[in-house]
Amino acid sequence: MESTGKYWIPFFNILEQCGLKPVLTHPKYVKQAKGQKTDFRDAIHIASLFRMDLVVASFVPPADIRSLRELCRYRLKLTYMRTSEKNRFQNSMTVSKVRLDCVFSNPFGKSASAIMEYLIETDPDQVSDEEILYLVNHGVQALGEDILESIHGYEFIGVQRDKLHIIQRHLGQLNECIRLIDGKLEYYR
């Protein structure tokens, strides 16, 4: 059969489960001459090529490996999404004049995340320097005055506060999904 999009997968799986050994090929290797093209004529053409052993078979791994590949690829997509969300979050921080990335080596680490959550959830008039310094972990190398300097004068213009809140929530969901996939991969491994 010809591999076109994802349409071949269910048929391939059914044939494979029935004990048959389907052969998958790339469309460029079984291209028919131009003219009145129909699915029926294509099927006859591919069958003729197969009988003459002229079909170049594509590599299709076993079903269990295909399942693992699917999980790995999905995990990769989620990782890309997480990176995009982190970039969006960083852009909103920059627009809001929050420069924690200049002070912390990881602006998404425990201390920086706690400070950002505090800034997002707290009214600007009620933000206290003591509370911010309390949120910083003891192992952090950044100085207290540098941390305070990086957030003094911040302001969430327009929808930035809402956007940051939504991005934080989405990052949490993406991290949870990645953790679940890691658990499944460990189980299947």
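The figures that follow rest on heavy atoms only: side chains count, while hydrogens, waters and symmetry mates do not. The model shown is predicted, which means the values in this text are computed figures rather than measured ones.
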Hphob cluster co-occupancy, [X] + [Y], side-chain heavy atoms under 4.5 angstrom:
| X | Y | answer |
| --- | --- | --- |
| F89 | I178 | no |
| L49 | V60 | no |
| V23 | W8 | no |
| Y118 | L133 | yes |
| I65 | Y188 | no |

Could you check whether any side-chain N or O of [X] sits under 3.5 Å from a backbone N or O of [Y], counting only pairs where one atom can act as donor and the other as acceptor?
| X | Y | value |
| --- | --- | --- |
| S113 | F108 | yes |
| R99 | S150 | no |
| R66 | P61 | yes |
| R161 | L119 | yes |
| S111 | N137 | yes |
| T25 | V56 | yes |

Next on the checklist: For K97 and I151: C-alpha separation, side-chain torsions, deciding distance, then whether side-chain contact (heavy atoms from CB on, under 4.5 Å) applies.
Outcome noted: CA-CA 7 Å; K97 297 185 255 180; I151 61 167; over 6 Å; no

Side chains of [X] and [Y]: does their closest heavy-atom pair fall under 4.5 Å?
| X | Y | value |
| --- | --- | --- |
| H170 | M81 | yes |
| E155 | S96 | no |
| L68 | D64 | no |
| T79 | R75 | yes |
| V127 | Y154 | yes |
| F104 | I115 | yes |

Checklist entry - Do other residues, nucleotides or ligands put more than 12 heavy atoms under 6.0 Å from D123 CG? => result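 Count over threshold, so yes.
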
Checklist entry - If you count the non-hydrogen atoms of other residues, nucleotides and ligands that lie under 6.0 Å from CD in Q173, is the total more than 12? => result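 Check passes, neighbour count above 12.
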
Drop me the distance from [X]'s [atom1] to [Y]'s [atom2], to the nearest 0.5 angstrom.
| X | Y | atom1 | atom2 | answer |
| --- | --- | --- | --- | --- |
| M93 | M116 | CE | CE | 5.0 Å |
| L71 | D182 | CG | CG | 10.0 Å |
| L100 | D146 | CG | CG | 11.5 Å |
| E117 | T122 | CD | OG1 | 9.5 Å |
| I120 | Q160 | CD1 | CD | 10.5 Å |
| L24 | L15 | CG | CG | 11.0 Å |

Checklist entry - Any Lys/Arg nitrogen of R189 or E186 sitting under 4.0 Å from an Asp/Glu carboxylate oxygen of the other? => result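 Looking at E186 together with R189, the answer is yes, because their closest N to O distance falls below 4.0 Å.
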
Checklist entry - Stepwise, does the side-chain contact (heavy atoms from CB on, under 4.5 Å) test hold for L148 with H152? => result CA-CA 6 Å; L148 294 175; H152 280 166; 3.9 Å; yes

Next on the checklist: To check you understand the geometry: which heavy-atom pair defines the closest contact between A114 and L135, and what is its length?
Outcome noted: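 Scanning both residues, the minimum pair turns out to be O-CD1, 3.6 Å.
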
Checklist entry - Can E121 and H165 be counted as having a side-chain donor-acceptor contact under 3.5 angstrom? => result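 Present: a donor and an acceptor within the cut-off.
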
Next on the checklist: Does E70 form a side-chain contact (heavy atoms from CB on, under 4.5 Å) with Y74? I'd like the steps, not just the answer.
Outcome noted: CA-CA 6 Å; E70 192 171 338; Y74 185 50; 5.8 Å; no

Next on the checklist: Test side-chain contact (heavy atoms from CB on, under 4.5 Å) on R82 and K86; report intermediate values, then the result.
Outcome noted: CA-CA 6 Å; R82 182 175 61 184; K86 283 183 175 183; 4.2 Å; yes

